[in-house]
Structure formats: structure tokens, C-alpha cells
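Structure first, then comments.
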Amino acid sequence: GGKLKANAADCYYLKNSLYKKIQYDLRKDWRWSDGSPVTAQEVRSGFAYLFQQKSIHMQDLLNIKKGPAGVIVKNLSELQIELEKTDSEFLYKLINPAISPRKNSKNWNEKITPGPYYVTERKIQSITKLKSNPHYFIAAQRPDIEVIVVENDQTALNLFESGQLNFLRRMTIDNYH
């Protein structure tokens, strides 16, 4: 069988048995889509950005001590996260796609990403085109992706059944045959 492995970190250490302090050593081969390395400061910037968003209650969700001040950069590739209270689920919460490094929090550009894809075109409520990140650490041939927003559920179902869509976000019980 397969083994689960941390994606962004080479390893992590629970600094105490209460899951209140966690240290991460970032992967040395983790790169932005422009080829530059992802740094611990950029990971911290991602957390700081989320804590600035008024519509998201990140303190309640992540319970990081003192918000972004609880994400401490040790050096270029190490950071430590201090939690307000014990949270054995914290490591699972880190898979949330909203938690992403930010290359430059003031002039963020979604075309430069640390993930397997980057955005080449985006039209709100219409289409988003994704291209494979050639610098992503898991070498694989990935197809380009087009995400199409179809407002009408019946239209989306018709496109899916005709082979023009590969994925539906939702269906009603009436759509099952």
C-alpha cells in the first residue's frame, strides 16, 4: 500500500506532546512556478494574509497563538507554529487550499504559485485556465486544465453527459437515472 507523506515539508517535529508547538523543515526542492525556492518567510506571509481577511475567522479555525505572530521563521527553510491550545487535528487543517505561501503579499500574482498548477487565464464566473508548474517537486506529466463555470445545473449536466465536461460540482437527486 501507499504511504502518506507531507508535501511541503521534508519533516516536521512536534515540539511537545500537547501538539502546541510544531516545527517544519520545508522541502529544499519546493519551487514557485518561476523557479525560485519557496521560503519560510513566504509561508508565514500566507498565514499573515489569511489573518488579515475579515470574512475568515482563521484564529478560530487554526487557533495559532497570537495569530500570525505565532508563525515564527527560524531561517530560510524552517518555521515554527505555536498554537493557543492543544489541537491534535492541526496537521490535518494544513491541507486547506487557502493556506498557501505568498511570494509578495503586497503585489500577489496568482500566475506564480508553489503548487502543481498556475493560472494562465481567469475570468470571474466564467473560466479559469491552469497550466502545469514545470518546477513542481513531484515530476509528472499533467494536462492543462480548464475550469468552466456553468450557472445552470441542467446545462452543466447536459455538457457532462455529452462528454464536454469531466466533472460536476453538484447534482440534484432528480439527475440520477
Side-chain angles (χ1 to χ4, degrees), residues 3-124 128-142 144-145 147:
K3 283 190 137 196
L4 292 176
K5 183 179 177 197
N7 237 6
D10 276 331
C11 58
Y12 63 90
Y13 310 94
L14 300 173
K15 300 295 270 188
N16 63 36
S17 61
L18 299 176
Y19 292 91
K20 286 181 74 174
K21 202 179 275 189
I22 305 160
Q23 183 168 323
Y24 294 90
D25 294 343
L26 300 181
R27 293 179 67 111
K28 306 287 186 257
D29 59 349
W30 193 15
R31 304 257 177 229
W32 292 93
S33 54
D34 68 358
S36 61
V38 176
T39 67
Q41 181 58 50
E42 292 163 339
V43 172
R44 186 190 182 287
S45 292
F47 278 103
Y49 174 78
L50 285 177
F51 279 102
Q52 291 170 2
Q53 306 310 303
K54 301 300 180 209
S55 62
I56 302 172
H57 299 283
M58 292 309 294
Q59 185 62 40
D60 295 334
L61 175 67
L62 294 176
N63 117 76
I64 293 175
K65 190 176 191 178
K66 300 176 196 162
V71 181
I72 301 155
V73 173
K74 297 290 203 171
N75 60 46
L76 275 176
S77 62
E78 290 180 34
L79 68 139
Q80 182 174 294
I81 298 176
E82 296 180 1
L83 303 180
E84 196 68 52
K85 59 185 185 255
T86 299
D87 187 354
S88 61
E89 298 286 311
F90 180 75
L91 296 176
Y92 300 106
K93 294 176 183 178
L94 292 177
I95 66 167
N96 187 320
I99 302 171
S100 181
R102 291 183 69 82
K103 192 164 181 62
N104 181 337
S105 58
K106 289 185 177 40
N107 300 313
W108 184 66
N109 179 348
E110 65 186 5
K111 293 183 180 181
I112 301 174
T113 71
Y117 285 93
Y118 63 94
V119 177
T120 59
E121 180 183 339
R122 184 169 185 209
K123 295 178 184 165
I124 304 297
T128 300
K129 293 183 179 183
L130 306 172
K131 194 158 190 63
S132 181
N133 175 357
H135 303 286
Y136 192 61
F137 52 82
I138 299 173
Q141 291 293 332
R142 290 181 195 81
D144 291 349
I145 296 175
V147 179

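Hydrogens, waters and symmetry mates are skipped; everything else that's a heavy atom, side chains included, is used.
- When side chains are defined from C-beta on, Trp30 does not count as touching Ser77, because their heavy atoms never get closer than 4.5 Å.
- Taking CG of Asp34 as the start and CD1 of Ile112 as the end, the distance is 4.5 Å to the nearest 0.5 Å.
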Check residues 135-142 and write down every donor-acceptor pair under 3.5 Å in which the side-chain atom is one partner and the other belongs to a residue at least two apart or another chain.
residue : atom : partner : partner atom : Å
Tyr136  : OH   : Asn7    : ND2          : 3.2
Arg142  : NH2  : Ile138  : O            : 2.8

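- Residues that satisfy the side chain to side chain donor-acceptor pair (under 3.5 Å) test with Gln23, not counting sequence neighbours, are Lys15, Glu78.
- With sequence neighbours left out, the side chain to side chain contact (heavy atoms under 4.5 Å, CB included) criterion links Lys129 to Thr120, Glu121, Ile127, Glu146.
- Residues in residues 36-46 take part in no salt bridge (charged side-chain N to carboxylate O under 4.0 Å, His left out) pair, two or more places apart or across chains.
- Looking only at side-chain heavy atoms (C-beta outward), Pro116 and Asn133 stay at 4.5 Å or farther from each other.
- In this structure, Gln41 has no side chain to side chain donor-acceptor pair (under 3.5 Å) partners at least two apart in sequence or on a different chain.
- Proximity of Phe47 to Ile99: side-chain heavy atoms (C-beta onward) are separated by under 4.5 Å at one or more points.
- Under the 4.5 Å side-chain criterion, counting only non-hydrogen atoms from C-beta, Ile64 is in contact with Val71.
- Counting only residues at least two apart or on different chains, the salt bridge (charged side-chain N to carboxylate O under 4.0 Å, His left out) pairs with a member in residues 91-100 are Asp87-Lys93.
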Decide side-chain contact (heavy atoms from CB on, under 4.5 Å) for Tyr117 and Thr128; before the verdict, give the C-alpha distance in whole Å, the side-chain angles of both, and the deciding distance to 0.1 Å.
-> CA-CA 12 Å; Tyr117 285 93; Thr128 300; over 6 Å; no

Stepwise, does the side-chain contact (heavy atoms from CB on, under 4.5 Å) test hold for Leu83 with Lys65?
-> CA-CA 5 Å; Leu83 303 180; Lys65 190 176 191 178; 5.9 Å; no

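- For the atom pair CG (Asn75) and OG1 (Thr39), the distance works out to 10.5 Å, reported to the nearest 0.5 Å.
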How far apart are the C-alpha atoms of Val119 and Leu130, what are their side-chain angles, what is the distance that settles it, and do they pass the side-chain contact (heavy atoms from CB on, under 4.5 Å) test?
-> CA-CA 5 Å; Val119 177; Leu130 306 172; 3.7 Å; yes

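- For the atom pair CG (Leu79) and CG (Leu76), the distance works out to 11.5 Å, reported to the nearest 0.5 Å.
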